[in-house]
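First the structure, in the form of C-alpha cells, and then the observations on it.
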Number of protein chains: 2
Amino acid sequence: MATGRTHRPATRSRGIPEATVARLPLYLRALTALSERSVPTVSSEELAAAAGVNSAKLRKDFSYLGSYGTRGVGYDVEYLVYQISRELGLTQDWPVVIVGIGNLGAALANYGGFASRGFRVAALIDADPAMAGKPVAGIPVQHTDDLEKIIEDNGVSIGVIATPAGAAQQVCDRLVAAGVTSILNFAPTVLAVPDGVDVRKVDLSIELQILAFHEQRKAGEEAGPDGAAPTAATRKESTDQGPEGDVPAVMPA
Amino acid sequence: MATGRTHRPATRSRGIPEATVARLPLYLRALTALSERSVPTVSSEELAAAAGVNSAKLRKDFSYLGSYGTRGVGYDVEYLVYQISRELGLTQDWPVVIVGIGNLGAALANYGGFASRGFRVAALIDADPAMAGKPVAGIPVQHTDDLEKIIEDNGVSIGVIATPAGAAQQVCDRLVAAGVTSILNFAPTVLAVPDGVDVRKVDLSIELQILAFHEQRKAGEEAGPDGAAPTAATRKESTDQGPEGDVPAVMPA
DNA sequence: CGGTGTGAACGTCTTCACAGCA
DNA sequence: TGCTGTGAAGACGTTCACACCG
C-alpha cells in the first residue's frame, strides 16, 4: 500500500480519468466482437448497450481520447479498436509471469483472454519443487529460486500473484526488486510496495461479501418497517454497481 | 424512498454509500487478523494501515455504521468484527452454486475464503456429462440439467458463473429464472438481467489491461517530454493515477 | 492528552441537454 | 436530420481540520 502519502496537488487536464481507463477494456471487448462480425460502424447508443454502460458516459469517455467519431453516423469500428488498443498499450507485447501455480494460477495460465490482448505468459513460477518442469497450459513450471533470473531474462514488468496469502508479500518484494512495476494480486492480502509500483487486487471473497450485503438488504426490504412494496420501480434503477470496475473493483477489485 | 431523497436521521440508517460497502470486507479481513492475534483494540490509524486505506476514510466509513469507537482509545476489535459481519450479512449462511467447473471453477470451489466467511458451496454444476459425479473440492459435480432443482432445493440466491463466455448469458437466465438474485460473473460477457438482480463481474484480462495502461505511461515518461507520441500530440501529461489503494505520483522534474 | 466523529471543502464521476457538424 | 462532442449541473466520494469526549 505504499505508505508514502502522495498527494496530488491539482489536476492537469490532459490525463484520462481513471474511471474512463477502467472502462476502455470493456469498450474494446465490445468493439472486437463487432469487428469479428464485420460491422463497419456503431453509434454510441449501440456500443454502449453492448458494453453495458449508458451512451452519455461512453461519449464522454471517448471525448478524452480525441474526436474519433463522425457526427450523424457513429464510430468506425476498426479505427476505434486501434485507437483504444494503442491508448491501453496493447499494441505492444507484455510478457507476464504468474507466480503460484495452484488451481487459480493454472486457470490463469489457461485463460485465453490474456494471449488475445497482447499479454504473453512468459513463465510460470511455483515454490513447490515437485511442480518444477511440469507443463501447465503448455508452459513448464519453474522454481521460485530462479524468479529474479526469469524476470530479467524476459524483461517482465507485469507480475501476477496467485500464491497463498502468506507468501504474497515475500513474492511481491522479490518481483519488485527484480524490476516488476505492475502487480495483479489475487492473494487476500494488502501488499506494501514502493512508490512507482502499481498494484491491482482481485479478491474473490470480497466480491461475494458485497453481493451478500445487497442480498441481505433485498430480503430485509420485503418485510420492511414502512410496509412499502419494494419491487422494482420503488427503488431507483439500482442493481447497477456491476459494470464498475473497481474498484472494486474489483476485486479488488 | 422515492426520488432518492433519503435523508439520514443520524444513526442506524440503511443508506451506506456503495464505496463504503466495498471497503467493509477489507476492514473485516484486517480485523479478523487482529482478532486472531488477540489484539483487544485498534486505533483508526493502525487499522487503516492494515487495510491499506487512510484513517480519515476509515473513520468516515465507520461513522455510517454507527458510533462504535471510544474516543481517546480506538475500536474494540471483537465488537467491530461482529458489527461489520452483521452489516454485510455474514452472520447468516449463504448457499452458493458455482456453474462451470473448468480450471477457474475448480479454483473457486477450492478457495478457502468462501467457506470462512459464511458462504457455503451448495453445489457445483457443469454442462459436461463426463464431469458429472466427479468430486471437485470434495463436492460431486452435477449436470446442468438439474440446475433449477438444485437452486430450489438448496434455497440458493447467489450464483457464480465461471463458464466460457458463450454459455454465460444462458446460464444466467436459468439461474435468475430459478430464483437467484445475485450473480458473480467471471465470464468476459456483459450479462443482461432483470431489475432486482445484482451482478458483479470479475474480469481477469480487464485488470491486466488497466495495468498495461499505467505501465505504458511509466515507460513513456522515462523517455522525457519529447518522447515519441505516435499520433496524438496531446499525450505525455502525467497525473499518474494508481488503481487502488495508494498511488505513485510520478512527477516531471 | 489522544483519538473518534463529523461538518465543510474539495475533487472526481455521471448525467443532462443542446450546440454544432457530417 | 441524426448523432457526436462537450459545457454545465449535479451526485458521489475523499480529505481536511477541529470540536468533542473518554
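Quantities reported herein were computed from a predicted structural model and do not represent experimental measurements.
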Gap between atom CD1 of B:I161 and atom CG of B:L108 - 0.5 Å precision: 12.0 Å
Residue A:S67, side-chain heavy atoms: nucleotide from C:dT6, D:dG5, D:dC21 that is nearest: D:dG5
Closest to the B:R71 side chain, choosing from C:dT6, D:dT4, C:dG3: C:dG3
Presence of B:S43 side-chain N/O under 4.0 Å of C:dG3 phosphate oxygens OP1/OP2: no
Side-chain N,O (A:Y75) to OP1/OP2 (D:dG5) below 4.0 Å: yes
Modelled atom types, side-chain donor and acceptor of A:Q209 and A:S205, under 3.5 Å: yes
Proximity to the side chain of B:A19 - top-ranked nucleotide from C:dA17, D:dT14, D:dC3: D:dT14
A:Y64 side-chain proximity, nearest of D:dG5, D:dC21, C:dT14: C:dT14
Candidate nucleotides D:dT4, D:dT6, D:dG22, ranked by approach to the side chain of B:T70 - the nearest: D:dG22
CA sep, side-chain torsions, deciding dist, call: A:Y79, A:Y68, ring pair (Phe, Tyr, Trp, His ring centres under 6.0 Å): CA-CA 8 Å; A:Y79 186 57; A:Y68 294 148; 5.5 Å; yes
DNA chain C: 5'-proximal contact among A:T20 and A:R59 (nearest heavy atom): A:T20
Identified side chain to side chain contact (heavy atoms under 4.5 Å, CB included) partner of B:I183 from the options B:V160, B:V176, B:I158, B:D198: B:V176
Nucleotide nearest B:P17 (side chain, heavy atoms from C-beta), chosen from D:dG13, C:dG3, C:dG5: D:dG13
Touch class at under 4.0 angstrom, heavy-atom based, for B:F62 against every strand present: nothing
Minimal non-hydrogen separation, B:A212 against A:L90, with atom names: CB-CD2, 4.2 Å
Nucleotide of C:dT15, D:dT14, D:dG13 approaching B:K57 most closely (side-chain heavy atoms): D:dT14
B:K60 or B:V42, whichever maps to the more 5' nucleotide of DNA chain C: B:V42
Side chain of B:A56 (C-beta onward), nearest among D:dG5, D:dC16, C:dT14: D:dC16
A:N54 vs C:dT14: side-chain N/O to OP1/OP2 distance below 4.0 Å: no
